[in-house]
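From a predicted model like this one, the values you see are computed outputs, not experimental measurements. Reminder, nothing fancy here: chain letters follow the sequence lines and each chain counts from 1.
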Amino acid sequence: MLRWFAEHGRRDLPWQTDPTPYRVWVSEIMLQQTQVATVIPYYSRFMERFPTVTALAKADLDAVLSHWSGLGYYSRARNLHEAAGLIVGEHNGAFPDTLDQAMALPGIGRSTAGAILALSKDQRHPILDGNCKRVLARYHAVPGWPGESGVAKRLWSHADAHTPDANVARYTQAIMDLGATVCTRTRPHCDVCPVADHCATGLTGTPEQFPGRRPKKIQPVKETRMLIVYSPDGSVLLERRPPAGIWGGLWSLPECATHEDPYEVCVQCFGLETASVDALPGFRHTFTHYHLDISPLTLAVTDDSTDIMERPDLLWAREADLEDRGLPAPVRRLLEDFFRMDESPCQERLTA
DNA sequence: AAGACGGGGAC
DNA sequence: GTCCCAGTCTT
């Protein structure tokens with residue numbers, strides 16, 4: 001593995017050039033359930049804005065969420081920010097040196113804690129990310145879906161047995177790179193695999209059948225109406241979502257259940273008189289666990305009461321304000337389209 | 001043990 | 001469309 005890594009491993013990823021615990025930590029959190037190519041631009045912007053754990057701890061959560069906007073799993077950003085405060089407040093600004101202390105931080109489980117300490121301090125800890133699960137399930141022909149506790153337990157045992165006493169950082173990067181570039185989900189390249197000779201499935205079996213698939217489930221379909229409440233000065237009303245749950249803590253559009261009257265919602269919830277409801281084309285946003293059918297409605301504010309908003313969960317935002325706010329990806333796209341229509345001469349919606 | 005939690009890349 | 005990804009947290 002180490003010989004293969006020296007020749008074929010990835011050594012030039014942004015967090016590898018200067019693998020401090022902080023830089024590795026941020027990368028590992030971003031890489032949870034997210035592919036390297038997606039992470040890289042986010043990582044660059046994040047490290048430029050929050051170069052140290054102190055800078056991250058001092059920042060507003062809003063600033064952190066805006067740099068996370070579009071990555072998904074926003075609890076990762078909230079946990080990262082909270083953990084930075086704990087590191088500054090309880091660890092004198094130094095990332096914890098033991099596995100248990102690292103795992104005590106929010107957002108850091110066993111695999112991430114092991115990866116950070118292995119990659120940044122060469123400590124001996126096994127990891128078990130998606131790449132390792134695939135490599136080990138194939139190498140040892142472990143049947144079953146890794147989401148089952150018994151299967152995960154066997155994989156952890158193999159991971160620990162393979163982890164060397166020396167060169168842990170390089171070995172850890174090697175097994176992840178092997179999974180990412182050779183032992184790929186479909187059509188693995190067993191002909192160039194450095195461990196194919198001892199692999200239980202590579203040359204003689206069917207590696208694609210490992211690991212076992214997640215049991216299939218029908219995903220429910222939910223629907224909502226999103227209100228684009230716009231004022232004559234070209235700003236739209238944003239509402240902050242609750243800290244937990246879907247899109248937790250992000251700025252989104254007010255929503256209106258199918259049985260509610262959008263005019264009434266504007267009056268009751270925001271004290272705003274509106275007119276001229278228009279429907280924009282609906283679209284479907286798909287999550288891991290359900291589909292969300294979104295029907296956007298535009299409402300023009302008719303009275304001049306835009307100065308009554310003193311609520312911290314409400315915000316009038318112009319187009320230029322959006323980039324500094326954490327918005328769910330579909331809401332960001334929707335508002336970008338809305339403002340783009342606004343500029344287009346064929347629309348008379350705002351000019352009446 | 002099972003479900004919640006986003007978004008995008010690969011196919 | 002489906003599957004999955006450098007998982008963790010809550011229930």
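With rounding to the nearest 0.5 Å, the separation of NE2 in H91(A) from CG in D97(A) is 11.0 Å. Distance check, rounded to the nearest 0.5 Å: NE2 of H140(A) to CZ of R154(A) gives 9.5 Å. The structure places NE2 of H125(A) at 5.0 Å from CG of L99(A), a figure rounded to the nearest 0.5 Å. Atoms CZ and CG, from R124(A) and N167(A) in turn, are 13.0 Å apart once rounded to the nearest 0.5 Å.
Put simply, K216(A) has a side-chain N or O that comes within less than 4.0 Å of OP1 or OP2 on dC3(C). An OP1 or OP2 oxygen of dC5(C) is reached within less than 4.0 angstrom by a side-chain nitrogen or oxygen of R134(A). Listed pair Q35(A) / dG9(B) fails the phosphate criterion, with no side-chain N or O lying under 4.0 Å from OP1 or OP2. Taking 4.0 angstrom as the limit, H289(A) places none of its side-chain polar atoms (N or O) nearer than this to OP1 or OP2 of dG3(B). For dT8(C), neither phosphate oxygen OP1 nor OP2 lies less than 4.0 angstrom from any side-chain nitrogen or oxygen of R76(A). For W68(A) and dG6(B), the shortest distance from a side-chain N or O to OP1 or OP2 is not below 4.0 Å.
Heavy-atom distances to DNA chain C give each of N131(A) and I108(A) a nearest nucleotide, and the one nearer the 5′ end belongs to N131(A). Between Q32(A) and E148(A), the one whose closest nucleotide on DNA chain B sits nearer the 5' end is E148(A). DNA chain B is contacted by both S149(A) and Q33(A); S149(A) maps to the nucleotide lying nearer its 5′ end (nearest heavy atom per residue).
A 6.0 Å sphere centred on CD of E264(A) holds more than 12 heavy atoms belonging to other residues, nucleotides or ligands. Other residues, nucleotides and ligands place no more than 12 heavy atoms under 6.0 Å from the CZ atom of R214(A).
If you take CG of L71(A) and P of dT8(C), they are 16 Å apart, rounded to a whole angstrom. When rounded to the nearest whole Å, the span between CZ of R78(A) and P of dG6(B) equals 8 Å. For E28(A) and dT8(C), the CD to C1' distance is 13 Å, given to the nearest whole Å. As a whole-Å value, the separation of L250(A) CG from dC5(B) P is 13 Å. Straight-line distance from the NZ atom of K217(A) to the P atom of dT2(C): 15 Å, rounded to whole Å. The nearest whole Å value for the distance from the CG atom in L31(A) to the P atom in dT8(C) is 12 Å. If you take CZ of R332(A) and C1' of dG8(B), they are 16 Å apart, rounded to a whole angstrom.
Here, dC9(C) and dG8(B) have their C1' atoms 23 Å apart, quoted to the whole Å. Rounded to whole Å, the separation between the P atoms of dG6(B) and dT11(C) comes to 15 Å. A distance of about 12 Å separates the P atoms of dA6(C) and dA10(B), rounded to the whole Å.
Counting any heavy atom pair closer than 4.0 Å across all strands shown, L128(A) reaches no nucleic acid atom. At a threshold of 4.0 angstrom between heavy atoms, the contacts of Q173(A) include nucleobase atoms, whether or not backbone atoms are also involved. In this structure, I246(A) reaches the sugar-phosphate backbone alone: every heavy-atom distance under 4.0 Å involves primed, P, OP1 or OP2 atoms, never a base. Within 4.0 Å (heavy atoms only), A329(A) reaches sugar-phosphate atoms of the nucleic acid but no base atom. Nucleic acid contact class of G179(A) (heavy atoms, under 4.0 Å, all strands): none. Counting any heavy atom pair closer than 4.0 Å across all strands shown, W15(A) reaches a base atom. Residue-level contact check: R333(A) touches the backbone only, with heavy atoms under 4.0 Å from sugar-phosphate atoms and none from bases. Base engagement by V36(A) is indicated by at least one non-hydrogen atom pair under 4.0 Å involving a base atom. Residue contacts for L80(A): at a heavy-atom cut-off of 4.0 Å it reaches no nucleic acid atom on any strand shown.
With distances taken from any side-chain atom of T38(A) to the nucleotides dG3(B), dA1(B), dG8(B), the minimum falls on dG8(B). Side-chain atoms of Y73(A) lie closest to dC5(B) of the nucleotides dG9(B), dC5(B), dT8(C). The side chain of Y74(A) has dG7(B) as its nearest neighbour among dA10(B), dG7(B), dA6(C). When each of dC5(B), dA6(C), dG3(B) is scored by its nearest atom to the side-chain atoms of R10(A), the top-ranked nucleotide is dA6(C). Taking only side-chain atoms of H285(A), from C-beta outward, the nucleotide of dT8(C), dA6(C), dG7(B) with the closest atom is dG7(B). Among the nucleotides dC3(C), dT8(C), dC4(C), the one closest to the side chain of T112(A) is dT8(C). Distance from the side chain of W247(A) is smallest for dG7(B) among the nucleotides dA6(C), dC5(B), dG7(B).
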Begin from the C-alpha positions of F283(A) and H285(A) and carry the test ring pair (Phe, Tyr, Trp, His ring centres under 6.0 Å) through to its verdict. CA-CA 7 Å; F283(A) 59 96; H285(A) 186 72; 7.7 Å; no

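In the interface, the side chain of T288(A) is paired with the base of dG6(B) through a donor and an acceptor atom under 3.5 Å apart. For T34(A) and dG6(B), a side-chain-to-base donor-acceptor distance below 3.5 Å is present, hydrogens and geometry of angles not being considered.
For the pair R45(A) and Y42(A), the cation-pi criterion (under 6.0 Å, within 45° of the ring axis) is fulfilled.
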